[in-house]
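Positions are given from 1 along the sequence.
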Amino acid sequence: MAHIGLQLYTVRDRSEDFPELLRRIREIGYEGVEFAGYRKQSASALKALGQALNLRLVSSHIGFETLRGDREAALQTARELGLEYVVCPATPESWRKTREDYLRLADWFNTVGNDCRQQGLKFGYHNHRAEFDDFDGSRGLDILLGHTDPALVQMELDVFWVEKAGYRAIDYLEKYAGRCDLIHIKDMTRDDRQTFAEVGQGTLDIPNLVKTARASGVQWLIVEQDVCEGDSIQSVTSSYDYLRTLAEASNLR
């Protein structure tokens with residue numbers, strides 16, 4: 001099975017200092033983390049802490065406007081951290097209103113991806129629900145991926161938002177096999193709200209998603225829970241324990 005990581009946005013409510021938080025994440029069992037900001041910690045300090053904890057610093061979500069206006073500095077920080085991936089977490093609505101917007105976005109993503117490659121980094125895009133809007137029979141995400149260079153632009157598939165849009169995440173993993181090193185593994189509550197649940201506690205077919213991810217070449221299952229209704233540490237512990245148990249039961253590790 002792929003490695004299990006955590007998107008640190010999930011525990012953004014925690015008040016302990018960043019080093020202590022990372023220690024707790026490692027103690028739960030997570031092998032790596034994906035950043036959503038660095039909480040004013042220096043790249044050198046975070047890299048040293050990751051090495052001391054044997055915690056992989058896998059990737060970072062870097063905002064659209066930062067990638068437009070301060071890309072060189074952002075990529076330099078990513079290199080100093082020793083990251084492998086840089087991910088754009090979302091795009092402004094003004095860049096995805098029409099098919100032509102997606103084509104323009106694809107051209108720009110190719111440029112960003114090439115800049116990342118020059119720095120020894122891989123670039124990816126993280127979807128939400130909006131990327132499944134239809135444009136003359138084509139979904140926005142398919143337009144974007146169909147007009148970007150697979151060598152320059154990956155997707156970080158968020159399985160929750162695929163399903164929320166009414167499609168099957170498994171189908172997207174199969175369709176873009178080999179182009180999705182990272183996925184956000186999430187779950188959806190069983191009630192009418194269809195909001196965020198701990199992995200294994202909701203309606204998504206997590207066992208088959210994990211199996212398909214493995215067959216499709218996914219390297220990291222990154223747990224993210226946008227909203228935790230209880231204690232966020234308990235939530236990410238529950239999600240990790242489920243995935244670990246699933247791996248052991250399926251003899252996938």
Side-chain angles (χ1 to χ4, degrees), residues 7 9-10 12 34-37 59-75 78 85-117 121-189 192-196 204 216 222 224-227:
Q7 165 52 257
Y9 181 77
T10 310
R12 63 193 180 279
E34 179 176 69
F35 291 101
S59 53
S60 181
H61 277 195
I62 298 178
F64 180 86
E65 293 302 333
T66 299
L67 288 171
R68 289 188 72 195
D70 203 10
R71 183 157 69 246
E72 183 177 353
L75 298 187
Y85 304 90
V86 165
V87 179
C88 179
T91 51
E93 184 180 0
S94 60
W95 281 68
R96 45 180 169 77
K97 287 185 175 181
T98 66
R99 179 184 178 86
E100 288 68 31
D101 288 338
Y102 273 100
L103 294 175
R104 176 172 63 128
L105 184 62
D107 286 342
W108 184 67
F109 272 1
N110 281 329
T111 299
V112 176
N114 186 60
D115 287 350
C116 287
R117 183 167 66 174
L121 298 161
K122 298 178 183 178
F123 175 66
Y125 179 62
H126 168 273
N127 65 279
H128 288 87
R129 184 176 183 173
E131 288 83 0
F132 295 89
D133 287 348
D134 185 88
F135 300 94
D136 299 322
S138 297
R139 299 163 205 153
L141 185 60
D142 291 308
I143 297 169
L144 182 63
L145 293 173
H147 291 83
T148 47
D149 185 343
L152 300 177
V153 182
Q154 293 201 3
M155 68 171 178
E156 180 180 56
L157 192 71
D158 187 305
V159 302
F160 175 95
W161 290 114
V162 180
E163 301 277 340
K164 188 78 167 178
Y167 299 99
R168 286 177 13 115
I170 284 175
D171 292 341
Y172 266 82
L173 285 171
E174 291 176 340
K175 182 174 182 178
Y176 294 104
R179 198 173 175 182
C180 186
D181 287 1
L182 316 174
I183 69 170
H184 276 189
I185 191 78
K186 304 162 82 165
D187 215 336
M188 185 184 296
T189 58
D192 292 340
R193 296 176 303 157
Q194 292 188 319
T195 189
F196 308 100
L204 270 62
S216 301
I222 299 179
E224 182 188 44
Q225 190 169 336
D226 299 38
V227 178

Working note: E163 + K186, criterion side chain to side chain contact (heavy atoms under 4.5 Å, CB included); need CA distance, chi angles, decisive distance, verdict. CA-CA 10 Å; E163 301 277 340; K186 304 162 82 165; over 6 Å; no
E131 vs W161, test: side chain to side chain contact (heavy atoms under 4.5 Å, CB included). Steps then yes/no. CA-CA 9 Å; E131 288 83 0; W161 290 114; over 6 Å; no
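Contact detail for A36 and Y9: the closest heavy-atom pair is CB-CB, 4.0 Å. Minimum heavy-atom separation, H147 to I143: ND1-O, 3.0 Å. The two residues A90 and F64 come nearest to each other via the heavy atoms O-CB, 3.6 Å. Of all heavy-atom pairs between A106 and T148, the closest is O-CG2, 3.5 Å. Between V86 and A78, the closest heavy-atom pair is CG2-CB, 3.9 Å.
In this structure, a donor-acceptor pair under 3.5 Å is present between the side chains of Y172 and D142. For the residue pair E34 and S59, a side-chain donor N or O sits within less than 3.5 Å of a side-chain acceptor on the partner. H126 and H184 share a donor-acceptor pair across their side chains, judged by distance under 3.5 Å alone.
The shortest side-chain heavy-atom distance between M155 and R179 does not fall under the 4.5 Å cut-off. Counting heavy atoms from C-beta on, the side chains of L145 and Y125 never come closer than 4.5 Å. Between L75 and C116 the shortest side-chain heavy-atom distance falls below 4.5 Å. When side chains are defined from C-beta on, E224 does not count as touching F160, because their heavy atoms never get closer than 4.5 Å. You'll find the side chain of K122 reaches within 4.5 Å of the side chain of D181, heavy atoms only.
To the nearest 0.5 Å, atoms NZ (K164) and CG (L204) are separated by 11.0 Å. Separating the CG atom in L182 from the CG atom in L157 is a distance of 11.0 Å, to the nearest 0.5 Å. Atom CG of residue D149 and atom CG of residue D107 lie 11.5 Å apart, to the nearest 0.5 angstrom. Atom CD1 of I62 sits about 16.0 Å away from atom CZ of R68, to the nearest 0.5 Å. With rounding to the nearest 0.5 angstrom, the CG atom of D187 is 11.5 Å from the CZ atom of F196. In this structure, CG on L67 lies 11.5 Å from OG1 on T91, to the nearest 0.5 angstrom.
Cation-pi contact between R99 and Y102: absent, since separation from the ring centre below 6.0 Å together with deviation from the ring axis within 45° is not met.
Judged by distance alone, with hydrogens and angles left aside, the side-chain atoms of S216 form a donor-acceptor pair with the main-chain N or O of L173 at under 3.5 Å. Side chain of D158 to backbone of H128: no donor-acceptor contact under 3.5 angstrom is found.
Applying the 6.0 Å contact sphere to CD of E93 captures no more than 12 heavy atoms from other residues, nucleotides or ligands. With a 6.0 Å radius and a threshold of 12 heavy atoms from other residues, nucleotides or ligands, D134 has its CG atom above the threshold.
Classification of R71 and D115 as a salt-bridged pair holds, one side-chain N sitting under 4.0 Å from a carboxylate O. We find that D133 and R96 are not joined by a salt bridge, their nearest charged nitrogen and carboxylate oxygen being 4.0 Å or further apart.
Contacts of F123 classified as ring-ring contact (aromatic ring centres under 6.0 Å, His included), with partners at least two apart in sequence or in another chain: F109. By the ring-ring contact (aromatic ring centres under 6.0 Å, His included) test, Y85 pairs with no residue at all, sequence neighbours left out. Qualifying ring-ring contact (aromatic ring centres under 6.0 Å, His included) partners for Y167, counting only residues two or more places apart in sequence or in other chains: F132.
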